[in-house]
Amino acid sequence: MDMKTVTNASAAWWALAAHYEKIKDVHLRTLFSEDPGRAQRFSADGAGLFLDYSKNRITDETLRLLFALAESRGVTARRDAMFRGEKINNTERRAVLHVALRAPRDARIEVDGTNVVPDVHEVLDRMAGFAEQIRGGSWTGHTGKRIKTIVNIGIGGSYLGPEMAYRALRPYSDRGMSFRFVANVDGADFSEAVQGLDAAETLFIVSSKTFTTLETMTNAATARRWVVERLGTDAAVARHFVAVSTNEAGVRDFGIDTVNMFGFWDWVGGRYSMDGAIGLSTMVAIGPEHFRDMLAGFHAMDEHFRTAPAERNLPMLLGLLTVWYNNFFGAQTLGVMPYAAHLGRFPAYLQQLQMESNGKHVDLQGRPIGYQTGPVIWGEPGTDGQHSFYQLIHQGTKLIPCDLIGFLQPLSPIASQHDLLMANLFAQAEALAFGKTAREVAAGGVPEWQVPFRVFEGNRPTNLILADRLDPHTLGALVALYEHSVFTQGAIWDIDSFDQWGVELGKALALRIVPELDSRQDAALAHDSSTNALIDRYRRASQARGN
Ligand code: F6P
């Protein structure tokens, strides 16, 4: 618990710290045995998702104090300011309106006195028209062939959401087409993505909010060369490239006709953008109707977050529980384990969402913070993780709260395996919470010397999130659930969850180092001795390979 260094802690914060001292050793076994109504009381529904949060190390008093903390930190007031379009992204002086990307046509959300909802729908309609042309075959490549493969070039928020959503919703996608993603500036990423492709049947979506990101611009230039070399003319670019960006001039300079550009706005953060134009590849894959179902799922969760009372408000609960473990139990990480193979990239998506948003060291006034902010987010699909790192969660010395996500209906035609998958999900939550005592182990006939090794302490907290099936609506609700949980955490910590200055230094240093790697360079290096030696070693290796 890092409370000793908290400088601006409120009474609500100190009350939680005192409460933690009372509850820190109480076992979930006790909490459940003393309270038969616990599972029912500590669960809630919203936007088609069910959250069982009863296997957390909390009591009614914990919740009361967490809600008091939220109140004292002005979480709901800040939430309402976001929905009103106020410039709550303090350091960039911007509104934070990803909620407008999924607002219904007749909604009204203003930024600087202008209703932005019609613009949102104008872009969605254009995206739908384009997606239908590709899917229906009326958009053809330069040689007149139908487009069969879409390659999305983008990184960070311009990649993780589209790739995650494509994988999640693959059963709803056009199986006659293939979708590939290039993010890494390592040329291997591009080479692998275009393996076996016919340029005449391939369309690149260059996705970049700024249209200046080094990785994306480099890969986009490589893609253009790849197309022009294969189709023999610059004129091919027009039929094989479209762009998603806020930077019209940048798109034009790259050589993409802005007629084929799908825009968004500075009030959409990159990691909050998969439901707008950045989702173009998703829309082509699943079709406009399914995409609109996804937006409806996002919107349903927005409305839930905006209107549900705290004790039934899923994002608020998730956010507050994260704060509880992060700041009072000293948990450093949060595991997210989807029991759905299609959600394989969901943890990676959440890493950017959570860690770029809440990995901050100063408050909104720029003052250093004396308490922990965002936890490390990680995870893999269950049941894969069970056979690798769950050992540490069950019997290691670290407290790792986990969100476990499952679906009542199978998506796979091999439905018979679904019982096994779900049995594992429920079993893990049970095992983590209740463990196995030495007496229980011994009663199973285990030799005495082996008992300590086979004891499960339990008392490992989990949230269990259940939905009927993984479909576009559910995915939208699930993503919005985490967006608003991140928001809640950020409001409690009094940080700007919508800037990302922490990515700048590395980018600037890389640009300085690029020319220094040229092996013909022999100008003295002026970095630290370690960096100098590494650059020197690389130069020699380049010389040896004749570059
Ligand atoms: O470097 C971080 C970042 O700015 C992310 O916030 C963003 O999602 C990503 O780079 C890509 O940026 P862009 O969409 O402008 O290419």
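Indexing begins at 1, ligand by ligand and atom by atom, following the structure's order. Scope of the values below: all heavy atoms of this structure, side chains included, with no hydrogens, waters or symmetry mates.
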Counting each atom of ligand 1 from 1 as listed, which ones have a heavy atom of S208 under 4.0 Å away?
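Contacts of ligand 1 toward S208, numbered from 1: 13 (P), 14 (O), 15 (O), 16 (O).
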Would [X] count as a cation-pi partner of [Y], with NZ or CZ less than 6.0 Å from the six-membered ring centre and within 45° of the ring normal?
X	Y	answer
R224	F254	yes
R94	F498	no
R79	F487	no

Kindly indicate whether atom 15 (O) of ligand 1 is approached by any protein heavy atom to under 4.0 angstrom.
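Yes, at least one protein heavy atom sits under 4.0 Å from atom 15 (O) of ligand 1.
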Look at [atom] and find which of [options] reaches it with the closest heavy atom.
atom	options	value
atom 5 (C) of ligand 1	Q500, E356, R271	E356
atom 4 (O) of ligand 1	K209, K507, M217, Q352	K507
atom 9 (C) of ligand 1	I153, L160, I155	I155

In this structure, which one of R367, H361, K360 forms a side chain to side chain donor-acceptor pair (under 3.5 Å) with D363?
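Going through R367, H361, K360 one by one, the side chain to side chain donor-acceptor pair (under 3.5 Å) with D363 is satisfied by R367 alone.
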Would you check if [X] and [Y] make a side-chain contact, meaning some heavy-atom pair closer than 4.5 Å?
X	Y	result
C402	I400	yes
V376	M355	yes
M217	V206	yes

Considering only non-hydrogen protein atoms, determine which one is nearest to atom 12 (O) of ligand 1 and report residue, atom name and distance to 0.1 Å.
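Protein heavy atom at minimum distance: T213 OG1, 3.5 Å.
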Hey, is ligand 1 close enough to [X] that some N/O pair sits below 3.5 Å?
X	result
T216	no
G157	yes
S158	yes

Applying a 4.0 Å heavy-atom criterion (strictly less than), which segment of V503 is in contact with ligand 1: side chain, backbone, both, or neither?
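Near ligand 1, V503 shows its side chain, while the N, CA, C and O stay back.
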